[in-house]
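Let me begin by presenting the structure, written as structure tokens, before commenting on it.
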Amino acid sequence: MRRPVTPFIRRACVVALCVISAATSAADLWLANARVIDGSGAPPTAARTVHVQDGKVVAISKASAPAGAIDLRGSYLLPGFIDAHTHIEDPASAERALRSGVTTTRVLGDAYLKALATRDLVRQGNTPGPEMLVSAGHVRPVLGEAFVLSFPQFGRYLHAPLTGADQVAEVVRAVIARGADVIKVGASERAGLASTDPRRPELSFEEISAAVREASAKGLFVAAHSHGTGGVNAAVRAGVRSIEHGTYADEATLQLMLQKGTFWVPTLAVMSPLGDPRGDKAEDIALQLRTYHMMKPLREGVRRAHALGIPVATGTDGTYGDGDATARIRIAHEIEELVKCGYTPLEAITAATATAARLLGVDARTGTIVPGKEADLLVVDRNPLEDTTTLFEPMMVVSNGDVVLNRIGL
Ligand SMILES: [Zn+2]
């Protein structure tokens with residue numbers, strides 16, 4: 001993401017880059033002695049020098065680095081993670097996500113347009129955070145109070161459902177006009193509430209198709225929240241870019257996803273807190289039973305998607321907030337879940353980098369470590385292909401060439 005140098009970035013530079021000598025300009029960053037996992041799925045290369053200038057990677061070579069380079073001492077350099085499904089809605093959460101290694105995220109859902117405002121603060125350089133693509137709401141039959149208060153022209157839907165392709169199209173146009181980067185639609189009910197049934201469909205094929213038409217007309221993608229077999233199938237047929245969750249996707253739908261190039265963000269890791277056995281309220285127990293029922297088909301579906309070659313991308317479905325049930329989920333959790341479903345660690349890392357970048361349509365500028373792309377980088381000190389737990393402990397995070405976290409040498 002391109003943004004002006006701001007006071008917080010200058011502070012980060014003073015802390016992190018003060019070692020850079022006069023031999024390199026202030027806009028240069030040299031990382032020496034890196035083992036590079038470039039995000040494309042290629043195996044690591046060793047002893048690399050990475051030169052970053054004006055926020056972009058300009059070279060990856062075996063050349064020796066100039067004085068003042070940051071010596072990574074054989075640590076592993078990866079592309080910054082892409083969290084393709086979050087609910088980051090405030091600056092503190094955005095900063096937490098960035099410091100965890102997430103340099104790009106898609107925010108699907110937005111209460112009171114807080115995510116949209118946070119995105120703008122980050123874009124203006126007023127607060128640190130990943131690049132955020134936000135949906136500015138969740139288009140579904142029951143829009144909910146937060147949506148209606150944000151879009152008061154749709155007050156008629158506070159106590160009445162949104163139904164029919166024309167109504168859906170009108171709402172989607174308004175969300176786009178308000179500044180959304182992506183459209184989120186509800187193809188089936190939610191899983192995280194005891195009062196909903198995730199197998200039950202929400203918007204119909206015709207309604208989702210209308211959303212896809214409106215979004216495509218403005219060059220935007222549609223992400224469909226969907227668990228139930230019918231909802232997932234309708235969304236795929238309607239041409240959404242990605243299925244979010246996809247718990248009960250059947251074989252015919254998976255085949256259709258393969259054929260149409262539909263991405264899948266299974267959000268495996270978020271399901272475990274829903275089933276956290278520590279809860280003892282009636283609602284918690286209902287969610288525990290539901291989770292038990294949902295995890296098996298979800299994991300089987302992801303195994304099948306892996307075998308078929310359906311593009312799967314990482315998403316935590318988390319808030320990166322402070323204290324709520326999903327706040328502590330990290331991309332590393334999702335990578336571990338993918339490994340349990342048969343992905344190699346390298347394939348799971350690719351799901352968090354190159355594949356997720358393609359899903360978001362930002363692959364021309366991030367998602368892999370390639371000359372010309374944004375310097376969105378993550379450093380870990382052990383080989384993540386042998387020990388994925390290292391991905392929970394970033395040593396350094398670089399976003400558009402700015403060092404936003406540096407624990408090297410601590
Ligand atoms: Zn979500």
Side-chain angles (χ1 to χ4, degrees), residues 85 87 106-113 115-116 133-193 195-250 252-253 256-257 259-265:
H85 187 139
H87 293 276
R106 201 174 50 153
V107 186
L108 298 178
D110 193 355
Y112 308 105
L113 303 177
L116 197 73
L133 304 183
V134 307
S135 74
H138 181 172
V139 181
R140 53 187 162 185
V142 179
L143 285 172
E145 187 177 288
F147 186 98
V148 169
L149 289 178
S150 306
F151 294 89
Q153 69 269 41
F154 297 122
R156 61 190 181 280
Y157 300 126
L158 182 58
H159 299 299
L162 177 68
T163 49
D166 291 346
Q167 292 186 3
V168 168
E170 187 190 9
V171 169
V172 169
R173 282 195 298 271
V175 170
I176 294 172
R178 190 67 182 76
D181 305 295
V182 57
I183 295 299
K184 183 185 189 185
V185 297
S188 75
E189 290 187 3
R190 289 184 55 188
L193 299 173
S195 56
T196 56
D197 181 346
R199 294 167 301 180
R200 224 159 28 207
E202 285 197 333
L203 297 179
S204 68
F205 165 75
E206 288 75 18
E207 290 163 342
I208 301 169
S209 298
V212 170
R213 266 196 309 278
E214 294 297 333
S216 309
K218 300 288 184 188
L220 303 184
F221 294 133
V222 175
H225 164 103
S226 44
H227 291 283
T229 309
V232 179
N233 186 268
V236 173
R237 281 189 292 124
V240 301
R241 180 71 164 181
S242 62
I243 292 296
E244 309 300 310
H245 320 303
T247 309
Y248 300 110
D250 61 6
T253 305
L256 194 59
M257 288 174 74
Q259 199 185 313
K260 294 180 74 106
T262 313
F263 289 79
W264 189 0
V265 185

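As the structure is a prediction and not an experimental result, all values here were calculated from the model.
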Any residue meeting side chain to side chain contact (heavy atoms under 4.5 Å, CB included) with [X], in chain and number order, not counting sequence neighbours:
X      : answer
Ala249 : Val232, Leu254
Ala146 : Ala111, Tyr112
Glu189 : Thr196, Asp197, Arg200, Glu202
Val182 : Arg106, Leu108, Ser135

Heavy-atom pair of closest approach, residues [X] and [Y]:
X      : Y      : result
Ile243 : Trp264 : O-CD1, 3.3 Å
Val185 : Ala211 : CG1-CB, 3.7 Å
Ile176 : Ala215 : CD1-CA, 3.9 Å
Ala115 : Asp110 : N-OD1, 2.8 Å
Val212 : Gly239 : CG1-O, 3.8 Å
Val172 : Glu214 : CG1-CB, 3.6 Å

Counterpart residues, ring-ring contact (aromatic ring centres under 6.0 Å, His included), relative to [X] (two or more places apart):
X      : answer
Phe151 : Phe147
Phe221 : none
Phe263 : none

Say you draw a straight line from [atom1] of [X] to [atom2] of [Y]; how long is it, rounded to the nearest 0.5 Å?
X      : Y      : atom1 : atom2 : value
Glu207 : Thr163 : CD    : OG1   : 6.5 Å
Leu149 : Leu113 : CG    : CG    : 10.0 Å
Ser242 : Met257 : OG    : CE    : 8.5 Å
Leu203 : Gln167 : CG    : CD    : 11.0 Å
His159 : Leu143 : NE2   : CG    : 12.5 Å
Ser150 : Leu116 : OG    : CG    : 9.5 Å

Pair Leu162, Phe154 - check side chain to side chain contact (heavy atoms under 4.5 Å, CB included), show working.
CA-CA 9 Å; Leu162 177 68; Phe154 297 122; over 6 Å; no

What salt bridge (charged side-chain N to carboxylate O under 4.0 Å, His left out) pairs are there with at least one residue in residues 175-185, not counting sequence neighbours?
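Qualifying pairs, neighbours excluded: Arg119-Asp181, Arg123-Asp181.
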
Which residue pairs pass the salt bridge (charged side-chain N to carboxylate O under 4.0 Å, His left out) test with at least one member in residues 138-157, sequence neighbours excluded?
Arg156-Glu170

Who pairs with Arg213 by side chain to side chain donor-acceptor pair (under 3.5 Å), at least two apart in sequence or on another chain?
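Listed in chain order: nothing, the list is empty.
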
Is there any side chain to side chain donor-acceptor pair (under 3.5 Å) pair reaching into residues 218-229, and which pairs are they, with sequence neighbours excluded?
His225-His245, His227-Thr247

Flag if over 12 foreign heavy atoms under 6.0 Å of CZ, Arg237
yes

